[in-house]
Protein chains: 2
Amino acid sequence: MTLAPESNPKIQDTPPFRIPLSEADRAFLAGLGATLRRYAPHETIMRQGDDEGRAFIIHSGWSCVHTDLPDGERQIIDFPFSGDIIGLRAYQSPSYISLTSITKLIVFEVPAKALTAAVEHSPRLAGTFLSVAARQRAILVEHLTNVGRRRGAARAAHLLLEIGTRLGGDGQRLASHYECPLTQYDLADALGMTAIHINRILKDLRELDLLSFRHRTVDFINLPATKKFAGFNPSYLLLERI
Amino acid sequence: MTLAPESNPKIQDTPPFRIPLSEADRAFLAGLGATLRRYAPHETIMRQGDDEGRAFIIHSGWSCVHTDLPDGERQIIDFPFSGDIIGLRAYQSPSYISLTSITKLIVFEVPAKALTAAVEHSPRLAGTFLSVAARQRAILVEHLTNVGRRRGAARAAHLLLEIGTRLGGDGQRLASHYECPLTQYDLADALGMTAIHINRILKDLRELDLLSFRHRTVDFINLPATKKFAGFNPSYLLLERI
DNA sequence: CGGGCCATTGACCTCGGTCAAGACGTGTGG
DNA sequence: CCACACGTCTTGACCGAGGTCAATGGCCCG
């Protein structure tokens with residue numbers, strides 16, 4: 001696997017899927033021409049409408065996948081984390097989404113065709129990609145349900161619970177506390193609301209003794225009550241292992 | 001391919017992907033144990049939370065994929081059409097979505113494991129599934145954008161434009177008129193609103209001379225104006241061919 | 001020190017939800 | 001053939017969640 005000049009050689013050179021890969025698969029993946037790249041915060045890595053031949057696998061850092069609307073607004077589709085794949089598709093085509101870094105971000109960049117080739121080369125890899133894609137679809141489905149059917153406070157709480165769980169790794173652990181570099185504008189763009197209203201909602205959630213989000217830190221004050229309040233059931237975050 | 005007793009032998013026995021399959025792939029698909037089944041209107045075919053081992057490929061008819069909330073509400077995720085796949089995933093697991101018929105519905109039912117096996121057996125089939133899944137993801141992304149960022153009237157118009165385009169088949173044709181068996185409750189559940197408000201929105205859209213939805217029929221009165229009003233760009237509906 | 005980004009809050013307004021009441025159509029049973 | 005019930009559509013009155021506009025303050029960084 002080629003390392004970009006700016007990469008840190010200490011970073012492990014295999015995408016951090018949480019599904020075990022065979023040595024052969026690792027070797028094949030390493031031969032695909034993947035490049036480990038770093039991006040500064042708030043860089044546009046891929047822009048909606050561009051002819052894109054790349055796919056991305058998140059190594060570490062925060063970013064968002066979003067659509068752009070003609071009026072300059074955006075809808076954040078997902079905050080992908082380590083091991084998530086962006087741009088898995090059959091062939092090159094104009095991208096319908098944008099990818100923007102939020103913090104410093106490290107990603108594996110792979111020619112999209114190479115990912116397709118991987119699918120065709122290794123049934124096991126195909127299964128891995130299928131698993132990862134299925135989980136990302138479940139997350140997206142839950143996101144739509146959240147935006148479409150929950151009211152503001154529950155919606156915000158649900159997203160913060162989901163992020164806390166995804167940070168845990170296996171999709172089941174949930175710490176009572178995590179650092180979160182998202183701004184209230186980011187939350188608003190993910191939740192289909194305005195940042196001003198997000199601000200009021202966060203105030204409400206604090207006053208309800210459910211959770212506090214200040215100074216880039218999320219603190220769950222009463223985790224069971226918050227889960228109930230948000231209707232949060234983490235089963236959709238489970239990554240099915242092969 | 002096994003035919004269920006109630007099936008009509010005149011129905012062609014290969015899933016109607018709009019991507020050409022080789023004879024070998026057809027034969028392999030036919031050997032997977034797929035069953036052609038018919039459902040009556042308003043039947044629950046798969047329920048969220050059930051342990052599901054089946055996947056579905058829509059043959060014909062209208063249905064909806066939705067999530068169910070504890071309070072009895074639901075969020076419609078998609079109205080799948082001919083060739084769309086539901087339940088493509090690595091292995092058996094509890095379903096996080098429900099599938100309900102709206103009209104009479106004909107589907108191919110396949111053991112989910114068989115689909116995975118197909119992916120592992122035929123690189124070409126894997127690519128076909130990847131293409132179909134990528135398009136369905138694009139549709140879902142646009143749906144989230146619609147619900148999160150467009151206001152009611154544009155949101156409703158956008159959905160009706162999308163459905164009209166998807167009915168066309170290749171994702172680019174859009175008739176000025178189509179029959180639509182959805183109720184205003186269905187639209188509301190898809191768009192994250194109430195049926196009462198959908199009713200007022202449809203009235204507004206008629207009075208704006210954009211479109212009319214009455215008596216199970218959608219008529220686009222001024223198609224270019226409606227597309228502009230809804231911010232509708234059908235490129236996300238293109239099915240990339242291999 | 002100044003500029004920019006972000007968070008916070010108030011005043012006001014509007015979109016969309018809630019509640020209630022009918023109208024219409026269609027299929028069913030008497 | 002009629003009566004009725006049920007699902008769906010329609011409309012009005014009212015309310016509340018969330019958006020808009022505006023002003024302010026904190027904080028970080030050049």
Side-chain angles (χ1 to χ4, degrees), chain A residues 40-43 62 64 69 71-75 100-104 146-157 159-160 179-208 211-218 229, chain B residues 40-43 62 64 69 71-75 100-104 146-157 159-160 179-208 211-218 229:
Chain A
H42 307 296
E43 271 196 81
W62 291 63
C64 64
L69 289 135
D71 60 2
E73 294 222 81
R74 62 180 188 160
Q75 172 66 44
T100 305
S101 64
I102 290 172
T103 63
K104 275 194 234 175
N146 202 24
V147 172
R149 279 288 173 243
R150 278 187 266 264
R151 54 187 53 263
R155 210 187 292 181
L159 178 60
L160 294 175
E179 193 180 339
C180 177
L182 304 179
T183 68
Q184 296 182 0
Y185 291 87
D186 294 329
L187 288 184
D189 287 343
L191 295 172
M193 301 197 290
T194 60
I196 294 173
H197 198 62
I198 289 287
N199 184 282
R200 290 192 263 253
I201 282 172
L202 291 176
K203 189 182 171 192
D204 292 345
L205 290 173
R206 281 195 305 273
E207 290 172 355
L208 286 168
L211 65 87
S212 148
F213 180 11
R214 306 187 95 150
H215 315 303
R216 301 165 58 94
T217 303
V218 174
F229 179 80
Chain B
H42 308 295
E43 270 196 82
W62 292 62
C64 65
L69 289 134
D71 60 3
E73 295 221 82
R74 61 180 189 161
Q75 173 66 45
T100 305
S101 64
I102 291 172
T103 63
K104 275 194 235 176
N146 203 24
V147 171
R149 279 288 173 244
R150 280 189 265 266
R151 55 187 51 267
R155 209 187 291 181
L159 177 61
L160 294 175
E179 194 181 336
C180 178
L182 303 179
T183 68
Q184 296 182 0
Y185 292 87
D186 294 328
L187 288 183
D189 287 342
L191 295 172
M193 301 197 292
T194 60
I196 294 174
H197 198 62
I198 289 287
N199 183 281
R200 290 191 262 254
I201 282 172
L202 291 176
K203 188 182 171 191
D204 291 346
L205 289 172
R206 280 195 307 271
E207 290 172 355
L208 286 167
L211 66 87
S212 150
F213 180 11
R214 305 188 95 149
H215 315 302
R216 301 166 58 97
T217 303
V218 175
F229 178 80

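The basis for the numbers below is simple: all heavy atoms, side chains too, and nothing from hydrogens, waters or symmetry mates. Note that this is a predicted model, so its numbers are computed, not measured. The sequence lines fix the lettering, A, B, ..., with proteins before strands; numbering per chain opens at 1.
- Taking atom CZ on B:Arg216 and atom C1' on D:dG7, their separation rounds to 13 Å, with Å as the unit.
- Look at NE2 on B:His197: it is 16 Å from P on D:dC9, rounded to the nearest Å.
- In the interface, the side chain of B:Arg200 is paired with the base of C:dT18 through a donor and an acceptor atom under 3.5 Å apart.
- Under 4.0 angstrom from either OP1 or OP2 of D:dG7 there lies no side-chain N or O belonging to B:Gln184.
- Between B:Asn199 and D:dT10 there is a side-chain N or O to OP1 or OP2 distance below 4.0 Å.
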side-chain contact (heavy atoms from CB on, under 4.5 Å) between A:Ile201 and A:Met193, worked out: CA-CA 11 Å; A:Ile201 282 172; A:Met193 301 197 290; 3.4 Å; yes
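- Here the shortest heavy-atom pairing between A:Arg74 and A:Cys64 reads NH1-SG, 3.7 Å.
- Taking side-chain N and O atoms only, A:Lys203 has no distance below 4.0 Å to OP1 or OP2 of C:dT8.
- Taking the nucleotide of DNA chain C with the nearest heavy atom to each of A:Ala195 and A:Arg149, the more 5' of the two is matched to A:Ala195.
- Between A:Thr194 and D:dG18, a side-chain N or O to OP1/OP2 separation shorter than 4.0 Å is absent.
- Atoms CE (A:Met193) and C1' (D:dT20) sit 15 Å apart, rounded to a whole Å.
- Among all heavy-atom pairs drawn from B:Gln75 and A:Gly148, the shortest one is OE1-CA, 3.4 Å.
- What separates CD1 of B:Ile196 from P of D:dT11 is a distance of 13 Å, to the nearest Å.
- A pairwise comparison of heavy atoms in B:Pro181 and B:Thr103 identifies CG-CG2, 3.5 Å as the closest pair.
- Residue B:Ile201 is classed as having no contact, given no heavy-atom separation below 4.0 Å to the nucleic acid.
- At the phosphate of C:dG17, neither OP1 nor OP2 sits under 4.0 Å from any side-chain N or O atom of A:Arg151.
- The distance between atom CG of B:Leu202 and atom C1' of D:dT8, rounded to the nearest whole Å, is 13 Å.
- For B:Ile198 and D:dC9, the CD1 to C1' distance is 13 Å, given to the nearest whole Å.
- Scanning both residues, A:Arg155 and A:Leu191, for their nearest heavy atoms gives NH1-O, 2.7 Å.
- If you take CG of B:Leu187 and P of C:dG16, they are 15 Å apart, rounded to a whole angstrom.
- Protein atom CZ of B:Arg214 is 12 Å distant from nucleotide atom P of C:dC24, rounded to whole Å.
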